[in-house]
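Below is one structure, written out as structure tokens; comments come after it.
Everything numeric here is computed off the predicted structure, so don't read it as measured data.
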Amino acid sequence: MYLLDVLPLTNLPKSESQIMSYYYTEDLTQGAIVEIDLNHRLILGLVINSTPIKTVKTFLKNADYKWKKIHKVIYNKHFLSPFFWELLQFVSDYYFDNLSWTAKILLPNNLKSLTKFLSKNDKPLSSNNQIPTTLIACPTEAHLDFIVSTLLQTYDSSQITIIPKKLYQKDFNKAWLNILQGNSKFVIGLRSIPYYPFQRLEKIIIVDKDNPSYKSWDQHPYYNTETILKWMAKKLKIPLIYNNLENTTTTNPKTNIFIYNPYINSPQKTQYLSSLLKKEILKTINNNEQAILFLNRKGWARSIVCEDCGYVFKCSNCDVPMIYHKENNINLLTCHHCGQEMLAPTLCEHCQGGNLRMIGLGIERVEDELKHLSKKQSQTNKTFTIKRIDSEIPEDKIRQIIQDFNNHKFDILLGTEIILRPQLNPVSLTAVVSIDAMFTFPDFRQEEKILKYLLKLKVKATNNFIIQTMFRDIALFQAIKNNTVTDYLKQNLITKKHYLWPPYSQLIKLSYRHYDNTKAIHESKQLFQNLNQFIQKHKIYKDYFIIMPPTPAFLQKIENQYQWNILIKLKITNPTGITYKDLKIRNQLLQLVPNYWKIDVDPLETI
């Protein structure tokens, strides 16, 4: 008989013990998958430890509860990475999530199917037969496809294991076994790639490390793949390499950069393509070359406003302006947060006036203006064709459009950030139709985010790169124009140090949502008070934390719920980054946060 420590693969409250004790007639290996009875419900569990009962008889006699037997052994062989247990503990501690749920997230969804497959196909593992493996993490399917196509030019497909977002269970099982047996020279995957059973990693490559797709947003723990891979590289003492695919820090000396205010000669702002941009587009087309135009705004207009009473048409669920779409002879207002749709009004629902005006620029309006320019051009010169890409368009169609553009089947590609893919070939002209609205988002990283967009567009231009903006003299644009981006980033780092933003602190965003805004405000104030009282009582913590007062979220009401945030700054004094001692102290403070609050460590946005 054996006493087993088992980690239930379910969402146990942090306040409860995460490890349960059961018994079984046989010794089970660490990492075995078992079926256990927990609160009269059969769930899967992960065996952590197995101890012969005869060695703990005294303990068992004094126990005040009844021991349960393992209901069923699902799989009793090694199928995880050798560092899985330390990885599990790190993710749980770093992102302050319960151990049981973290284990469930780190393990595959369909464990029974996987373990059944492994039972039929696995063989004893031998380090002598394992190939040293390079792990390549990609943020999106587009990056993954690009890396795979590049590797296939040099290596045979049998040396590469690919883990895309959608993988049939049978193919997933084969990929897991292939990695477990160490048969692949390269393993390429997306955000969850660190959790696969690597046995002999020799190198880790992170593609486009600042891409927000590396951050988990749809379920806790809200981890970032880069953070976990950095830990793995340090733990295994192997190289960690960053690959941005394109060198965005320097400028092609042949590329002309124009920072241009499109409204200088157009005070009415009825047209969004400046005279300079129109001129360069037509010149590009007449030279049988192509152009890429960027605008990170979906729809035709950002909202509709009544000029008689000032009423703005907003989503009833989210209290944000609804986006006006004008496509296929249907005029719609859409909320891009909850999906609510309605036909675009002809009268104001507040005053019944008919003087409605569309405000704000959307990508559909730019497409409309380009089509008018082409039609006007047809009277005297060569016309041109346009394709638009945004997140409303299916992925397979996006890929086809980019392929057609690379094959010169049309002239102008107009898109949101979704066009910033490595597959897109450089062209003669790239242009930013407008980016000024992005500066209104009050987040300390916002200028860096804008800079990354602009640098990716800049390297796609072989001749001219045009930025249309009303703020042409700000430091960011001048850094791009004068090729002094490195100096700009150094100055930005000085500012971050002064205000104690990352990397000089770690941010933890606490968020609370409720249908009653008064309740949300009260709950936020109460937690803020509790956190500060704890720090005042334990003065050792005063030098570690800055707790900012509760504030409403930038989009305060989403899906009929009001959100309030509390931002915590954990000061980082060690030049190598956050230490285990820092985490321990931070987690003691976070114990005060109720389970119904969202805890986001290293949030992408502070508001």
Quick check against the 3.5 Å criterion: does [X] have a side-chain atom that pairs as donor or acceptor with the backbone of [Y]?
{"X": "Thr430", "Y": "Lys460", "value": "no"}
{"X": "Trp231", "Y": "Leu87", "value": "no"}
{"X": "Thr133", "Y": "Ile131", "value": "yes"}

Discussion item. What's the separation between atom NE2 in His78 and atom CG in Leu180, rounded to the nearest 0.5 Å?
Written reply: 5.5 Å
Practice prompt. Quick one: pull up CZ in Phe441 and CD1 in Ile607 and give me the separation to the nearest 0.5 Å.
Written response: 3.5 Å
Ring centres of [X] and [Y] under 6.0 Å apart?
{"X": "Phe444", "Y": "Tyr499", "answer": "no"}
{"X": "Phe117", "Y": "Phe172", "answer": "no"}
{"X": "Tyr222", "Y": "Trp217", "answer": "no"}

Worksheet item: Between Phe534 and Tyr541, what is the ring plane arrangement, given parallel below 30°, perpendicular above 60°, and tilted in between?
Response: parallel
Practice prompt. May I ask you to decide if the ring planes of Phe294 and Tyr453 are parallel, tilted or perpendicular, using 30° and 60° as cut-offs?
Written response: tilted
Discussion item. Given the ring of Tyr242, does Lys209 sit roughly above its face, with NZ or CZ under 6.0 Å from the centre of the six-membered ring and within 45° of the axis?
Written reply: yes
Fill in: Residue among Ile193, Leu236, Ile204, Leu80 satisfying side-chain contact (heavy atoms from CB on, under 4.5 Å) with Phe198
Ile193
Worksheet item: What do the steps show when you test Lys215 against Asp600 for salt bridge (Lys or Arg N to Asp or Glu O under 4.0 Å), and what is the final call?
Response: CA-CA 10 Å; Lys215 176 75 171 177; Asp600 188 359; 2.9 Å; yes
Practice prompt. Would you tell me whether Asn587 and Asp93 have side-chain atoms, one donor and one acceptor, within less than 3.5 Å of each other?
Written response: no
Item to complete: Show your working on side chain to side chain donor-acceptor pair (under 3.5 Å) between Thr495 and Asn492 and close with a plain yes or no.
Response: CA-CA 5 Å; Thr495 304; Asn492 200 26; 4.9 Å; no
